[in-house]
Amino acid sequence: MNSLRKKRLSLLLLMLLLLSGCYGGIENGSVVDGIDTSEKEISISWWGDEIRNEYTQELLDQYEQLHPGIRFLPVPLGKEDYGEYLAVTAAAGECPDIMLMDDEFLETYAGNGTLADCRNLFMENSKETGFFLDSEIWELGKKEGIQAGIPVSLTMPVLYCRPGKLEEAGVELKKDMDWDDLAQASRSFQKKTGGPGIVCGHESSELLVSWMEQNDAPLFEEGRVNLNQDSKNKLTSFFFLCGELMKSGGMTPPENPEPEGITQETEKEEKEGAFYLGDAEEHRMSKEDDDMEVLPLPGGQPKADLFFALSAALTQDEKKAAADFLIWLLDDEYAVERAGLERGIPASEKARRLLEESEKLSAADKSLLQLYRKTQERTSGFEKEPEKRKDIDRIYQEVIYKLYQGSCSPGRAADVFYQDVQELFTEQEATDESIGKAG
């Protein structure tokens with residue numbers, strides 16, 4: 001462990017010691033004349049940048065004003081520190097009452113007794129508050145047989161494009177592109193301008209997942225990897241297309257997944273691209289750029305992005321206090337408008353409609369909500385993240401880098417990806433089976 005990591009972990013341990021006195025329970029006070037006068041302290045942790053920290057703190061302050069008996073103990077952190085913080089507090093049995101989670105965190109902590117099963121709690125509260133999530137969206141937060149997370153936001157793979165640049169280059173922009181249209185537009189743009197058609201980092205397998213979906217060979221089904229002989233043929237076609245696009249300059253190449261192996265770096269001239277694989281950073285950029293338009297990534301499906309989870313250590317009354325706050329945070333007009341789409345597309349239908357009608361929402365944000373609604377209409381449901389998605393992304397990155405370097409053919413790239421992913425889940429199944437027998 002390097003010194004920087006040691007210092008970070010020490011700070012996290014110190015924070016745990018300072019806050020641990022607050023996590024033994026969230027109630028202080030008494031009952032007077034049959035009325036609960038207790039002050040409830042609710043610890044809540046999240047990660048994010050200054051934008052998320054600022055509006056989250058503002059919403060916590062607002063809720064405290066509306067509910068004088070509530071006091072929050074906020075723990076805002078960066079994403080890397082947040083993972084270490086959860087590990088330390090969960091191991092000590094002192095995790096916060098409310099925790100922001102992504103799918104990977106939810107998977108990790110759902111099966112070890114850290115998180116509460118909260119579905120019934122929220123269903124009961126919905127009778128009083130009107131809070132509602134589609135059953136399919138609720139399912140995205142189920143892990144290890146419990147409702148481990150309350151879905152907060154959804155995301156979907158999108159393309160941000162520069163229609164003005166395409167027009168200048170004489171390249172037609174089709175509104176309902178499939179992968180053939182996208183590849184052709186990228187080739188044409190590169191030939192006319194010398195810039196890449198598709199700009200992406202290849203850190204995730206998002207391009208592959210969407211391409212397989214469009215070609216009727218989905219890589220994931222019901223949260224499980226779906227690989228067969230037809231999949232291998234489609235994988236070969238995908239890697240052939242990517243190899244050809246990268247070689248011609250129609251797609252940006254991947255970076256070396258093992259940077260320590262680089263012995264010499266060469267500077268490359270970066271030219272403006274036509275299509276950018278979208279994420280939160282690209283969406284923020286799109287709102288500040290008049291020549292930026294959001295389009296669906298062919299074959300892409302919506303999936304859960306963020307969740308809130310409750311500590312299993314809370315009493316029923318404490319869980320209800322935390323749930324009341326989360327319902328307000330995710331469904332109240334003021335709270336919804338203040339957060340906007342910073343966390344992603346709201347999982348709540350009511351929240352999405354509030355934002356669509358809001359005068360405070362930017363045109364770019366509204367176009368993303370409209371695109372989500374259209375995507376909902378053309379897809380059969382939501383993409384449920386499988387276990388080990390990070391490992392799948394790593395395998396993809398290694399394979400496509402070898403393809404780009406010319407050390408393997410498209411067919412060999414498909415074979416390696418297929419085999420490595422199969423082995424990944426064969427090992428998992430064997431581990432699960434041995435644990436089951438031991439139990």
Side-chain angles (χ1 to χ4, degrees), residues 42 44-67 70 72 74 76 97-102 118-119 121-123 125-138 140-141 149-156 158 278-280 283-284 286-287 294 302-310 320-376 382:
I42 302 177
I44 176 171
S45 62
W46 72 89
W47 74 88
D49 58 13
E50 291 182 5
I51 294 174
R52 180 174 294 174
N53 292 345
E54 181 181 343
Y55 77 73
T56 302
Q57 186 60 61
E58 182 182 315
L59 292 176
L60 296 180
D61 293 342
Q62 175 72 7
Y63 193 80
E64 285 180 345
Q65 291 180 24
L66 295 172
H67 302 81
I70 297 291
F72 289 104
D97 304 321
I98 301 174
M99 295 160 275
L100 186 64
M101 296 263 170
D102 61 13
C118 56
R119 177 70 180 272
L121 176 70
F122 276 80
M123 294 299 286
N125 277 22
S126 68
K127 296 174 183 177
E128 302 174 12
T129 63
F131 178 71
F132 175 79
L133 294 179
D134 289 334
S135 58
E136 285 187 340
I137 293 178
W138 270 116
L140 298 173
I150 304 99
V152 173
S153 59
L154 308 167
T155 186
M156 61 181 179
V158 296
D279 58 16
H283 185 63
R284 285 181 185 172
S286 76
K287 292 193 285 187
V294 60
K303 60 184 178 182
D305 190 24
L306 295 174
F307 307 84
F308 274 122
L310 302 183
K320 186 178 187 310
D324 287 343
F325 163 68
L326 288 179
I327 288 174
W328 178 86
L329 184 69
L330 302 178
D331 233 28
D332 178 79
E333 182 175 359
Y334 173 80
V336 167
E337 284 194 335
R338 183 64 183 90
L341 297 190
E342 192 280 329
R343 287 188 302 247
I345 299 165
S348 161
E349 169 69 16
K350 176 184 173 183
R352 293 196 296 272
R353 291 197 179 280
L354 282 172
L355 289 175
E356 286 174 343
E357 297 169 3
S358 172
E359 296 181 357
K360 298 179 182 179
L361 204 67
S362 70
D365 280 347
K366 288 192 176 183
S367 68
L368 186 60
L369 287 172
Q370 292 165 2
L371 184 59
Y372 169 76
R373 200 168 289 284
K374 290 179 182 177
T375 302
Q376 264 191 313
F382 297 90

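A 4.5 Å side-chain heavy-atom check between Glu356 and Lys366 finds every atom pair outside the cut-off. Proximity of Leu326 to Val152: side-chain heavy atoms (C-beta onward) are nowhere separated by under 4.5 Å. Taking 4.5 Å as the limit, some side-chain heavy atom of Asp49 sits within range of a side-chain heavy atom of Glu342. With contacts defined as side-chain heavy-atom distances shorter than 4.5 Å, the pair Leu66/Gln62 qualifies. Contact of the Phe308 side chain with the Met101 side chain is not registered, since no non-hydrogen atoms from C-beta on lie closer than 4.5 Å. Contact check for Thr375 versus Pro302: side-chain heavy atoms found under the 4.5 Å cut-off. Side-chain atoms of Tyr372 and Met156, non-hydrogen and from C-beta on, do get closer than 4.5 Å to each other.
In plain terms, the two heavy atoms of Ala335 and Leu59 that are nearest each other are CA-CD2, 3.7 Å. Heavy-atom minimum distance, Gly149 versus Trp138: O-CZ3, 4.4 Å. Leu355 and Gly340 make their closest contact through CD1-O, 3.9 Å (heavy atoms, listed as atom of the first residue, atom of the second, distance). Closest approach of Leu60 to Pro74, counting heavy atoms only: CD1-CB, 3.9 Å. The two residues Trp47 and Leu100 have their closest heavy-atom pair at CZ3-O, 3.4 Å.
To the nearest 0.5 angstrom, Glu337 atom CD is 9.0 Å from Glu359 atom CD. Taking OG1 of Thr56 as the reference point, atom CD1 of Ile44 lies at 7.5 Å (rounded to 0.5 Å). Distance check: Phe325 CZ to Ile98 CD1 gives 5.5 Å after rounding to the nearest 0.5 Å. Rounding to the nearest 0.5 Å gives a distance of 11.5 Å between CG of Leu354 and NZ of Lys360. Between atom CG of residue Asp365 and atom CG of residue Leu341 there is a gap of 4.0 Å, rounded to the nearest 0.5 Å. Rounding to the nearest 0.5 Å gives a distance of 3.5 Å between CZ of Phe122 and CD1 of Ile150.
Applying the salt bridge (Lys or Arg N to Asp or Glu O under 4.0 Å) rule to Glu58 yields the partners Arg338; only residues at least two apart in sequence or on another chain are considered. Under the ring-ring contact (aromatic ring centres under 6.0 Å, His included) criterion, Trp328 pairs with Tyr63, sequence neighbours left out. Here Ser153 pairs with nothing under the side-chain hydrogen bond (donor to acceptor under 3.5 Å, both in side chains) rule; sequence neighbours left out. Partners of Phe307 under the ring-ring contact (aromatic ring centres under 6.0 Å, His included) rule, at least two apart in sequence or in another chain, do not exist in this structure. With sequence neighbours excluded, the residues forming a side-chain contact (heavy atoms from CB on, under 4.5 Å) with Ser348 are Leu133, Asp331, Lys350, Ala351, listed by chain and number.
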request  = Show your working on side-chain contact (heavy atoms from CB on, under 4.5 Å) between Leu154 and Ile137 and close with a plain yes or no.
outcome  = CA-CA 9 Å; Leu154 308 167; Ile137 293 178; 4.0 Å; yes
request  = I would like to know whether Asp305 and Ile345 meet side-chain contact (heavy atoms from CB on, under 4.5 Å); could you show each step before the answer?
outcome  = CA-CA 9 Å; Asp305 190 24; Ile345 299 165; over 6 Å; no
query = Passes side-chain contact (heavy atoms from CB on, under 4.5 Å), Asn53 versus Trp46? Steps please.
reply = CA-CA 8 Å; Asn53 292 345; Trp46 72 89; 2.8 Å; yes
task = Give the intermediate values and the outcome of side-chain contact (heavy atoms from CB on, under 4.5 Å) for residues Val336 and Leu329.
result = CA-CA 7 Å; Val336 167; Leu329 184 69; over 6 Å; no
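For residues 339-359, the set of pairs meeting the ring-ring contact (aromatic ring centres under 6.0 Å, His included) definition, not counting sequence neighbours, is empty.
Counted by atom type alone, Gln57 and Asp61 present one or more donor-acceptor pairs between their side chains at under 3.5 Å.
Ion pairing between Arg373 and Glu349 holds under the 4.0 Å rule for side-chain N and carboxylate O.
For Arg352 (side chain) and Leu369 (main-chain N/O), no donor-acceptor pair under 3.5 Å exists by modelled atom type.
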